[in-house]
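As structure tokens, the structure follows; a few thoughts come after it.
Throughout, protein chains are lettered first and strands after them, A, B, ... in sequence-line order, and every chain is numbered starting at 1.
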There are 2 protein chains.
Amino acid sequence: MAGGRPRESRVDHALTAATRELLAETGYAKLTVDAVAARAGVGKAAIYRRFATKQELVFSAVVHGVSVEVPPDAGSLEADLLAVLRDIVTSLSGPALTAIPGLLADVSVDPGRFEEIFIAGEQACLRAVLGRAVSRGELPEVPDVDVVHALLLGPVFVWLFLLRREEPPVELWASFVASSLRLPGNSGPSVGSA
Amino acid sequence: MAGGRPRESRVDHALTAATRELLAETGYAKLTVDAVAARAGVGKAAIYRRFATKQELVFSAVVHGVSVEVPPDAGSLEADLLAVLRDIVTSLSGPALTAIPGLLADVSVDPGRFEEIFIAGEQACLRAVLGRAVSRGELPEVPDVDVVHALLLGPVFVWLFLLRREEPPVELWASFVASSLRLPGNSGPSVGSA
């Protein structure tokens, strides 16, 4: 997020590393901002300049930051959606897998800037991918991004966190979502925002 | 679940009512099994005969019990899926809406019998609905039930709990899932269990 001064970046890396270490050692519930500050060797003020809450700090360290990388153009809507789904699976695996449920419980009580920064970043990525499909002529317009977000993230979420299964069938789901979005008149409860 | 002795049933109702009252008063995080026992006027042993954990007790009181009612035959796969989606939305609204995130965080730490009783109940309902579609000739075989479960529950979940929006577009999603499942060769990473 803006900045880029070397010292800032060193603090960012130290915070991410400290958060991941402490998650592995104590789990999400017992992790504290104080412990992250101590482990990273930075003041708490440096953390709170970046993150309003523990849940923001952890989300940023294990899932993604405020910007979400748009996968390179894979040539078709279905292939692009598959790339997005693979990125979602990767970002929810590893240390995120055990942290996410507790983190979301905290977000539900204190959402803070969760929507503005993290969800907005994911949806900016989706908008870019959907915009490419419009450019290719695969979709008549950019569908409701909330709908696409729910269709892509939702099944992965249930698969990993409720059914507790491994390896979500992302190829199948990419084909489902791509063909669903291409159904005439089915590009969502038209919002038309792009 | 089995039983049906009047006294059992009175205890069940008292537990459900007490749990819902306490959820409304204190929220999920502060609710305790002790408080539910006291409010319901039953011993803790009566609770632990029924539920291994607080999360089981609360899930049963606000989402659904071990059996999930199969909606009446609506005449087509799409209409049946829409009925299931509406039941999912109803069961995740109301008191469940604020309880679920904390509850799932507890389940992730101590899953207990969550999968065996609650997920199994949901999937038995799905199997019945998918079996009807096979009988009608709409599907060649019952698709992987985990996949259908993820496709139906996932988007509702993200819509309500992550995007925090109201009124999920269930008509659209029922049509998406029905048409996806009907795509040739796309009935899931064939498990063929029925």
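In the hydrophobic clustering of this structure, B:Ile117 does not group with B:Val109; members are Ile, Leu, Val, Met, Phe, Trp, Tyr whose side-chain heavy atoms approach within less than 4.5 Å, directly or through other members. In the hydrophobic clustering of ILVMFWY residues, with side-chain heavy atoms under 4.5 Å counting as a link, B:Leu130 and B:Leu82 come out together. Cluster annotation: B:Ile88 and B:Val170 are assigned to the same hydrophobic cluster (Ile/Leu/Val/Met/Phe/Trp/Tyr, side-chain heavy-atom contacts under 4.5 Å, transitive). Using a 4.5 Å cut-off between side-chain heavy atoms of Ile, Leu, Val, Met, Phe, Trp and Tyr, with links allowed through other members, A:Phe59 and A:Leu160 fall into the same hydrophobic cluster. Follow the hydrophobic side-chain contacts under 4.5 Å out from A:Val63 and you never reach A:Val68; the two are in separate clusters.
The stretch residues 21-43 of chain A places none of its residues near chain B, where near means some heavy atom under 4.5 Å from a heavy atom of that chain. Residues of residues 92-105 of chain A lying within less than 4.5 angstrom of chain B, judged on heavy atoms, are A:Pro101, A:Gly102, A:Leu104, A:Ala105 in numerical order.
Interatomic distance, B:Ser175 OG to A:Leu183 CG, rounded to the nearest 0.5 Å: 6.0 Å. Expressed to the nearest 0.5 Å, how far CD of A:Glu115 lies from CG of B:Leu163 amounts to 7.0 Å. To the nearest 0.5 Å, atoms OG (B:Ser180) and CH2 (A:Trp173) are separated by 12.0 Å. Once rounded to the nearest 0.5 Å, the distance linking CG of A:Asp144 with CG of B:Leu172 reads 9.0 Å. The CG atom of B:Leu153 sits 13.0 Å away from the CH2 atom of A:Trp159 when rounded to the nearest 0.5 Å.
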*asked:* Using side chain to side chain contact (heavy atoms under 4.5 Å, CB included), reason through B:Val147 and A:Arg165 one step at a time and then give a plain yes or no.
replied: CA-CA 11 Å; B:Val147 168; A:Arg165 287 190 55 176; over 6 Å; no

*Walk me through it: do B:Phe157 and A:Phe157 pass the test ring-ring contact (aromatic ring centres under 6.0 Å, His included)?*
CA-CA 9 Å; B:Phe157 201 91; A:Phe157 201 91; 5.4 Å; yes

*asked:* If you apply the rule side chain to side chain contact (heavy atoms under 4.5 Å, CB included), what do you find for B:Val177 with A:Phe176, and how did you get there?
replied: CA-CA 8 Å; B:Val177 176; A:Phe176 281 2; over 6 Å; no

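Across A:Val107, A:Leu162, A:Val156, A:Leu152, the residue that shares the most heavy-atom pairs under 4.5 angstrom with chain B is A:Leu162.
When heavy atoms are compared at a cutoff of 4.5 Å, A:Pro168 does not approach chain B at all. Heavy atoms of A:Glu171 lying under 4.5 Å from chain B are absent altogether.
The shortest non-hydrogen separation linking B:Pro111 to A:Arg164 is CG-NH2, 3.5 Å.
Scored by the salt bridge (Lys or Arg N to Asp or Glu O under 4.0 Å) test, A:Glu116 finds no partners at all (sequence neighbours excluded). Partners of A:Arg20 by salt bridge (Lys or Arg N to Asp or Glu O under 4.0 Å), not counting sequence neighbours: none found.
In this structure the side chain of A:Pro155 reaches within 4.5 angstrom of the side chain of B:Pro155, judged on heavy atoms.
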